[in-house]
Amino acid sequence: MMARFECGILGIDLGTTNTVVSYYDEIGQRGECCMNQEGTTLLPSAVYFEDSSSYVVGTVAREGAMLHPDRTAMFFKRKMGSSKEAFMIEGKAFSPQQVAALVLKEAVENARTELGTEVTEAVITVPAYFGASARQATIEAGEMAGLRVRDILDEPVAALYHCDVLSDLIGKTVLIFDLGGGTLDLVAAEVRENEINEIVITGNMRLGGVDWDKAFADHIRWTRLQSCTLVPEEEQELLLAAEKAKKIFSRKEKTKLYVSTKEGRVAVEVTRSEFDRCTEHLNRKVRVAIIDLMMTLYRKGISEFDRIILVGGATRMPQIKRLLAEAFPYTHVAAGDQDEAVAKGAAVYAKLLDSSAGGHSSARYAAPKKRLNRICTRSYGLAAMMGEDGKRKVCNMIFRSAKLPIAIVRRFYTSCDNQKQVNLKIYENISDERYVDVHPEAFLGNCILELPENLPKGSDIEVMVTIRRDGVLTVEGREPESGKAVRAVIDLKAPPGQDEAHDPDGRY
Ligand code: AMP
């Protein structure tokens with residue numbers, strides 16, 4: 001096993017529901033998943049705290065949620081990067097990244113045992129929609145778990161690396177449709193001989209398998225349990241039962257589930273058609289994301305795909321397959337490896353990183369060599385006063401889906417006579433509009449340009465925003481008369497801790 005793993009960098013899919021660790025197998029020339037101590041490759045991303053200092057991770061923790069929901073931390077991924085959301089366990093607050101670190105630690109420990117070697121480096125995957133602060137929180141979680149995070153890779157892109165190794169996708173335009181436990185990611189990309197080009201990234205940051213579980217659990221309560229109030233333990237049990245039924249419906253039309261109520265345990269018969277009906281509103285959200293994707297693609301002159309690749313456990317639901325068949329009747333939809341493709345692809349990418357950095361691997365085995373050409377997942381703009389009423393707006397300069405690297409120059413004007421300085425404040429957002437409202441939580445960084453004396457109102461200020469291929473954003477300001485200039489660098493993979501860009505519907 002050790003000889004097959006030479007590059008020393010793990011690929012980790014830190015999932016909403018499960019975490020999977022993979023390594024690049026030099027002989028098979030593909031990513032392979034590590035088994036954990038539970039004998040599977042999927043480690044439930046759940047932590048159960050026996051008290052505020054001792055804990056367990058994995059299946060036991062997930063089941064512990066039924067007994068003590070207040071001691072179990074799950075679905076931390078939806079909270080990553082938010083400074084406001086913490087898990088309170090016995091009066092002690094755990095940040096989402098602290099919980100993520102405990103899961104990562106356990107997952108990597110399992111991998112070390114399986115591989116029989118010390119490993120300290122990893123590529124960790126994140127949903128494509130993750131903004132700068134959630135990416136930074138993921139890096140922090142990795143570091144807290146004792147890892148050097150070599151890169152953060154978008155989950156659908158990781159899956160594409162895996163699929164490309166398995167079957168030749170050269171020359172194809174592909175849609176990766178990734179519906180996991182907590183998120184929907186849609187990535188359109190083009191695969192070439194030596195490169196993968198991202199074209200459009202969209203999706204919904206608050207839509208995943210868990211929403212289908214919740215909707216079905218609510219439906220069962222209203223229709224079978226006389227809307228009775230359940231204690232948190234019963235709620236948790238109902239949620240797990242709803243998830244179990246959801247999975248069964250991927251193969252069968254009906255099933256029976258058992259739930260606890262004040263009157264004792266009751267058996268409930270449920271059918272796939274009622275599951276489909278009570279989750280229709282979630283399918284509508286999927287359709288909205290697809291329409292958003294297609295509209296952006298049309299603007300780029302692309303109207304169809306050669307292949308759709310399904311990633312994420314929730315794509316096994318027949319309603320999702322039906323929806324895709326309706327939206328793309330002439331496209332081949334490929335499923336397979338839904339649970340492991342992301343981790344395996346991260347391992348392929350890790351190997352690629354290692355070989356291009358002249359890393360640990362011997363020259364015995366060929367290395368994959370597809371360069372990733374990224375696009376912006378967000379729009380970036382400068383806060384400025386607009387119009388006569390002087391209302392502050394973000395003036396977008398770089399729009400989501402723009403190819404990286406990119407540099408945009410724009411002229412702004414001073415707002416009063418003898419203005420002393422301008423504060424160049426950069427914000428991220430998800431809009432395609434030129435002007436959007438200022439949301440303080442979407443602030444990324446700034447720099448202050450000192451101005452010469454006695455400049456009249458309306459004097460020119462030139463601003464250039466650039467984003468490098470590796471995601472480093474630079475803002476530069478210049479006053480042309482005096483030549484005074486200022487520059488600030490913001491690493492979009494590791495910015496100052498800010499909250500997630502705001503969107504009430506979870507769209508990105
Ligand atoms: P992932 O984040 O890719 O691990 O996906 C986890 C989500 O997939 C969870 O919401 C699971 O309940 C869901 N899932 C896994 N297997 C199935 C299945 N057979 N049918 C429907 N959903 C599934």
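Order of listing sets the numbers, starting from 1, for every ligand and every atom in it.
Here R322 pairs with D276 in a salt bridge; the nearest charged N to carboxylate O distance falls below 4.0 Å. With respect to R148 and E121, a salt bridge is recorded, a charged nitrogen being found less than 4.0 Å from a carboxylate O. Using a 4.0 Å cut-off between a side-chain N of Lys or Arg and a carboxylate O of Asp or Glu, E234 and R221 do not qualify as a salt bridge. Look at R277 and E274 and you find no salt bridge, because none of the NZ, NE, NH1 or NH2 atoms lies under 4.0 Å from a carboxylate O. Note on D164 versus K172: no salt bridge recorded, every NZ/NE/NH1/NH2 to OD/OE distance being 4.0 Å or above.
Heavy-atom proximity to K246, at under 4.0 Å, picks out these atoms of ligand 1: 9 (C), 10 (O), 11 (C), 12 (O), 13 (C), 22 (N). Atom numbering of ligand 1 starts at 1 in the shown order; those under 4.0 Å from a heavy atom of E243 are 9 (C), 11 (C), 12 (O). Contact atoms of ligand 1 toward R316: 15 (C), 16 (N), 17 (C), 18 (C), 19 (N), 20 (N) (distance under 4.0 Å to a heavy atom of the residue). Each of the following atoms of ligand 1 lies closer than 4.0 Å to a heavy atom of G209: 10 (O). Distances below 4.0 Å separate heavy atoms of N18 from the following atoms of ligand 1: 4 (O). Using a 4.0 Å cut-off to heavy atoms of G312, the atoms of ligand 1 that qualify are 3 (O). Set against the non-hydrogen atoms of T17, the atoms of ligand 1 under 4.0 Å away are 2 (O), 6 (C), 9 (C).
T16 does not count as a contact of ligand 1, since none of its heavy atoms falls under 4.0 Å from the ligand. For G15, the closest heavy-atom approach to ligand 1 does not fall below 4.0 Å.
Considering only non-hydrogen protein atoms, atom 23 (C) of ligand 1 sits nearest to G313 O, 3.2 Å. For atom 2 (O) of ligand 1, the nearest non-hydrogen atom of the protein is G181 N, 3.0 Å.
Two rings, from F87 and F49, have their centers 6.0 Å or more apart.
Looking at T72, its side chain does come within 3.5 Å of a backbone N or O of H68 through a donor-acceptor pair. A side-chain donor-acceptor contact under 3.5 Å links R71 to the backbone of E50. Within the 3.5 Å criterion, the main-chain N or O of S95 finds a donor-acceptor partner in the side chain of Q98.
Here K247 has heavy atoms under 4.0 Å from ligand 1 in both its backbone and its side chain.
Using the six-membered ring where Trp is involved, F275 and F249 have ring planes that are tilted, between 30° and 60° apart.
The shortest N or O to N or O distance between M317 and ligand 1 is not below 3.5 Å. For the pair S250 and ligand 1, the shortest N or O to N or O distance falls below 3.5 Å. Where the criterion is an N or O separation shorter than 3.5 Å, residue side chain and backbone included, A314 meets it with respect to ligand 1.
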